[in-house]
A.B. asks: 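Take a look at the following structure, please.
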2 protein chains.
Amino acid sequence: MDQIDVQKRIFNAAREVFTQKGFAAASMREIAEKANVNKGLLHYYKWNKRKLFLRVFEEAFATFSLRANEIFESDMPIREKIEAFVSHYMDLLMANPHLPAFVISELNRHPEEFIRRMMQQSNRPDPSNFILQVQLAGEAGQIRPVHPFHFFLHLLSMCVFPFLARPMIQGLLKIDGDTYIQLMERRKAEVISFINHSINPD
Amino acid sequence: MDQIDVQKRIFNAAREVFTQKGFAAASMREIAEKANVNKGLLHYYKWNKRKLFLRVFEEAFATFSLRANEIFESDMPIREKIEAFVSHYMDLLMANPHLPAFVISELNRHPEEFIRRMMQQSNRPDPSNFILQVQLAGEAGQIRPVHPFHFFLHLLSMCVFPFLARPMIQGLLKIDGDTYIQLMERRKAEVISFINHSINPD
DNA sequence: GTCTATAGGTAGATAGAC
DNA sequence: GTCTATCTACCTATAGAC
């Protein structure tokens with residue numbers, strides 16, 4: 001572990017601490033300890049708490065928005081695209097189960113700054129292609145006409161929310177983390193089926 | 001404002017500060033200032049930061065779980081109950097638009113403690129009645145048979161998630177807070193219609 | 001590059017005057 | 001009940017020895 005480049009050790013430690021504790025509860029001391037470097041070194045490498053946090057947050061946010069854009073902008077028929085989104089996006093969420101809560105928490109802590117900063121970046125989420133496709137598919141009779149933006153929100157909500165409410169759901173069902181992942185794996189088919197039944201033309 | 005009972009002023013200030021900043025970023029000084037009382041008074045009234053926070057969190061959590069239980073345990077046919085839930089729960093969310101992010105953030109910050117503490121309380125969320133009703137309605141052919149727990153999750157997700165992702169959605173659509181509320185008011189009918197189309201028997 | 005020491009600030013909590 | 005003053009602990013960040 002100590003073999004790895006110091007810069008990388010610092011950043012990995014920062015990711016771990018910030019995503020677990022959030023900006024306010026995190027400390028530079030803890031990041032330094034976890035990276036096995038001296039506190040002073042963080043500043044030698046031109047980091048401060050805010051810069052380190054912004055890098056971690058942007059990486060986390062980009063993880064989710066890039067994958068979503070990838071799928072939304074791909075060249076697939078609407079139903080396949082919905083299936084691909086549910087399947088691949090939930091895979092991503094299962095691989096990073098605590099990142100969604102981190103992003104949502106910090107995003108709501110400074111909403112104006114978030115809107116200002118993130119929405120000017122190239123990696124911002126952009127479902128416009130998908131929304132247009134839903135609109136056109138409805139007009140062409142391929143699917144039941146639905147409000148395209150709200151449909152996008154339905155899709156995203158059903159995939160992401162269970163990971164935000166995870167502690168509550170684990171408490172309700174009295175299940176452990178592994179069982180939770182199994183439940184989410186099973187959920188993919190449930191979400192796809194639920195959506196497909198809703199958008200079948202009358 | 002200074003007329004109000006000191007205890008109530010303290011608690012109102014605590015609610016405001018904690019829900020806006022979260023536990024870690026909140027300070028007793030700020031709560032005291034907002035309540036127009038001396039810092040020392042907070043401790044005179046036997047409060048400390050943790051106790052004050054727990055009261056605020058429990059109140060916020062109970063707000064959402066009590067209303068949900070109320071609807072889930074009411075005596076209504078399944079379709080009416082779904083409509084009532086979407087309508088009344090989204091009303092509650094619109095009336096407290098920043099509480100969901102607060103609850104989800106803090107809940108994920110200490111998941112084990114949350115599961116231990118909240119799930120033993122009388123006001124914990126309990127959708128078991130609703131889940132059973134969905135199961136029975138499916139068997140009776142009133143609705144298409146669906147996985148009852150995942151269906152409950154679909155319903156909750158579509159109502160709550162848009163309030164958690166609010167800054168992102170406002171950024172995407174370039175709309176202000178008032179327009180957002182209008183969008184959510186409109187959303188009620190979209191969610192109800194989306195669900196109804198999905199659960200119509202084949 | 002890596003360390004120690006410390007500056008400078010703010011946090012929660014308490015003691016005691018009034 | 002309400003105030004001031006203060007304690008202890010921790011934070012970020014920096015200066016400077018090695």
Side-chain angles (χ1 to χ4, degrees), chain A residues 1-60 102 105-110 113-114 117, chain B residues 1-60 102 105-110 113-114 117:
Chain A
M1 171 56 168
D2 284 20
Q3 316 287 23
I4 311 176
D5 182 47
V6 176
Q7 287 270 25
K8 282 184 186 147
R9 292 216 314 274
I10 292 175
F11 189 66
N12 288 340
R15 181 175 31 239
E16 204 175 324
V17 174
F18 279 128
T19 54
Q20 278 172 19
K21 306 207 162 178
F23 177 78
S27 81
M28 297 292 269
R29 178 193 53 75
E30 191 178 355
I31 292 170
E33 278 173 11
K34 195 149 275 180
N36 252 338
V37 301
N38 188 276
K39 256 197 334 169
L41 267 193
L42 301 182
H43 296 93
Y44 172 77
Y45 285 107
K46 303 291 175 195
W47 288 118
N48 60 34
K49 190 182 178 181
R50 188 179 156 75
K51 276 190 202 166
L52 216 35
F53 169 80
L54 282 178
R55 273 277 295 254
V56 169
F57 181 82
E58 278 163 19
E59 184 202 63
F102 166 69
S105 299
E106 300 298 334
L107 177 150
N108 277 282
R109 206 63 74 204
H110 306 285
E113 191 201 348
F114 167 80
R117 288 179 59 92
Chain B
M1 169 57 165
D2 284 21
Q3 316 286 23
I4 311 176
D5 182 48
V6 177
Q7 287 271 27
K8 281 185 186 142
R9 290 213 320 270
I10 292 175
F11 189 66
N12 288 341
R15 185 197 294 112
E16 204 174 324
V17 174
F18 279 128
T19 55
Q20 277 172 20
K21 305 206 162 178
F23 177 79
S27 80
M28 297 291 270
R29 179 194 52 74
E30 190 177 355
I31 292 170
E33 278 174 10
K34 196 150 275 180
N36 253 335
V37 300
N38 188 275
K39 251 196 342 165
L41 267 193
L42 301 182
H43 296 94
Y44 171 79
Y45 284 105
K46 303 291 175 196
W47 288 118
N48 60 32
K49 190 182 179 183
R50 188 180 155 74
K51 276 191 203 166
L52 216 35
F53 170 79
L54 281 178
R55 272 276 295 253
V56 169
F57 181 82
E58 278 162 21
E59 184 201 64
F102 167 68
S105 298
E106 300 298 334
L107 177 150
N108 278 283
R109 206 64 75 205
H110 307 285
E113 191 202 348
F114 167 81
R117 289 180 58 92

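Worth saying up front: this structure is predicted, and the values here are computed from it rather than measured. Just so we're on the same page: letters track the sequence lines, and every chain starts at 1.
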A.B. asks: Near DNA chain D, which residues from residues 14-23 of chain B have a heavy atom under 4.0 Å away?
C.D. replies: none
A.B. asks: Would you give a per-nucleotide map of nucleotides 2-18 of chain D, 5' to 3', where B means the base has a protein non-hydrogen atom under 4.0 Å away, S means only the sugar-phosphate does, and - means neither?
C.D. replies: BBB------SBBB----
A.B. asks: Does this structure show an ion pair linking B:Arg117 with B:Glu106, if we count only N-O contacts that are shorter than 4.0 Å?
C.D. replies: no
A.B. asks: To the nearest 10 degrees, how far apart in direction are the end axes of the helix from C:dG1-D:dC18 to C:dC18-D:dG1, each fit to five base pairs?
C.D. replies: 10°
A.B. asks: Is the shortest side-chain N to carboxylate O distance from A:Arg29 to A:Glu33 below 4.0 Å?
C.D. replies: yes
A.B. asks: Have A:Asn12 and A:Arg15 got a donor and an acceptor in their side chains that come within less than 3.5 Å?
C.D. replies: yes
A.B. asks: For atom NZ of B:Lys21, decide whether the heavy atoms of other residues, nucleotides or ligands shown that lie under 6.0 angstrom number more than 12.
C.D. replies: no
A.B. asks: Within a strict 4.5 Å, meaning less than it, do heavy atoms of the B:Tyr45 and B:Val37 side chains meet?
C.D. replies: no
A.B. asks: Would you kindly give the CZ-to-C1' distance between A:Arg9 and C:dG1, to the nearest whole Å?
C.D. replies: 12 Å
A.B. asks: Take the angle between the ring planes of B:Phe57 and B:Phe114 and call it parallel below 30°, perpendicular above 60°, tilted in between.
C.D. replies: perpendicular
A.B. asks: Report the distance from atom CG of B:Leu42 to atom P of D:dG1, rounded to the nearest whole Å.
C.D. replies: 15 Å
A.B. asks: Mind checking the CD-CD spacing from A:Glu30 to A:Glu16? Nearest 0.5 Å is all I need.
C.D. replies: 9.0 Å
A.B. asks: Going from OG1 on A:Thr19 to CG on B:Asn108, what distance comes out if it is rounded to the nearest 0.5 angstrom?
C.D. replies: 11.5 Å
A.B. asks: Over 60° means perpendicular and under 30° means parallel, so tell me whether B:Phe53 and B:Phe23 are parallel, tilted or perpendicular.
C.D. replies: perpendicular
A.B. asks: Does some side-chain heavy atom of A:Leu41 sit less than 4.5 Å from a side-chain heavy atom of A:Trp47?
C.D. replies: no
